[in-house]
Amino acid sequence: QVQLVESGGGLVQPGGSLRLSCEVSGLLPKLYTIGWFRQVPGKEREGVSCMTGVDFAAIEYADSVKGRFTIFKESHKDTMYLQMNRLQSEDTAVYYCAIADVYYYDCLQDHVYKYWGQGTQVTVSS
């Protein structure tokens, strides 16, 4: 069983930065996709960024975060990250990391993901 635990959320002023971490434990699938999603109460969950393919070479970002957010994974650790810069109030949400046990190139869609973290709150406010 794969377990994911997010951390790094919090309160930040507009224009600030946060780095979210997702620590993965358990036996990872041989092939997998990793993703970050967010959700605001009353709204559908939104794909923020994802990585898939050999060496996670295929990376996707939602248009709303392109140029501000960066997804990455340390090669020697089963931890993935979402670096969030120039945060805006619209980025306020609960952020989730997730893993799908396949390569999936339309990876901003959440239906393929099998394992999910519990979420971490990000609040951008002055």
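- Among all heavy-atom pairs drawn from P14 and S126, the shortest one is CD-N, 3.7 Å.
- Residues satisfying the side chain to side chain donor-acceptor pair (under 3.5 Å) test with T52, not counting sequence neighbours, are T33.
- Outside the 6.0 Å centre-distance limit, the rings of Y32 and Y113 are not counted as a close aromatic pair.
- Between the side chains of Q1 and Y115, no donor-acceptor pair is found at a separation under 3.5 Å.
- Taken to the nearest 0.5 Å, the CD1 atom of I99 stands 5.0 Å off from the CG atom of L28.
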Q.
Could you go through M84 and V122, starting from their C-alpha distance and side-chain angles, then the distance that decides it, and tell me whether this counts as side-chain contact (heavy atoms from CB on, under 4.5 Å)?
A. CA-CA 10 Å; M84 306 187 295; V122 172; 3.8 Å; yes

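- What you find for A93 and V40 is that their closest heavy atoms are CB-CG2, 3.8 Å.
- Salt bridge K30/D101: absent, no basic N to carboxylate O contact under 4.0 Å.
- Looking only at side-chain heavy atoms (C-beta outward), Q3 and V5 stay at 4.5 Å or farther from each other.
- Checked against the 6.0 Å centroid criterion, the rings of F37 and W116 qualify as a close aromatic pair.
- L108 and F56 sit in two unconnected hydrophobic clusters of ILVMFWY residues. Membership requires side-chain heavy atoms under 4.5 Å apart, directly or through other members.
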Would you give me the side-chain donor-acceptor pairs under 3.5 Å for residues 18-26, sequence neighbours excluded?
unit_1	atom_1	unit_2	atom_2	d
R19	NE	Q83	OE1	2.7
R19	NH2	Q83	OE1	3.2

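- Under a cut-off of 6.0 angstrom, the local environment of CD in E74 is crowded, with over 12 non-hydrogen atoms contributed by other residues, nucleotides or ligands.
- Nearest heavy atom pair, residue A62 against residue G47, reads CB-O, 3.4 Å.
- A distance-only check finds a donor-acceptor pair linking the side chain of T120 to the backbone of G9 [under 3.5 Å].
- Scanning for side chain to side chain donor-acceptor pair (under 3.5 Å) contacts around Y95 gives R38, with sequence neighbours left out.
- Linking Ile, Leu, Val, Met, Phe, Trp and Tyr residues whenever their side-chain heavy atoms come within less than 4.5 Å leaves L87 and L11 in two separate clusters.
- Pairing each heavy atom of C97 with each of E6, the nearest pair is N-OE2, 2.9 Å.
- The shortest non-hydrogen separation linking E44 to Q39 is C-NE2, 4.0 Å.
- Linking Ile, Leu, Val, Met, Phe, Trp and Tyr whenever their side-chain heavy atoms come within less than 4.5 Å puts I59 and F69 in one cluster.
- No chain of hydrophobic side-chain contacts below 4.5 Å, direct or via other Ile, Leu, Val, Met, Phe, Trp or Tyr residues, connects Y96 to V124.
- With a 4.5 Å cut-off on side-chain heavy atoms, K73 and T79 do not count as touching.
- Under the 4.5 Å side-chain heavy-atom criterion for Ile, Leu, Val, Met, Phe, Trp and Tyr, V48 and V12 are members of the same hydrophobic cluster.
- Taking CG from D110 and SG from C50, the interatomic distance works out to 11.0 Å, rounded to the nearest 0.5 Å.
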Q) Can L27 and V2 be said to form a side-chain contact (heavy atoms from CB on, under 4.5 Å), step by step? A) CA-CA 6 Å; L27 185 62; V2 176; 5.8 Å; no

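- Residues V112 and A100 share a closest heavy-atom pair of O-CB, 3.5 Å.
- Proximity of a side-chain donor or acceptor of E60 to a complementary backbone N or O of S49 within less than 3.5 Å is not detected.
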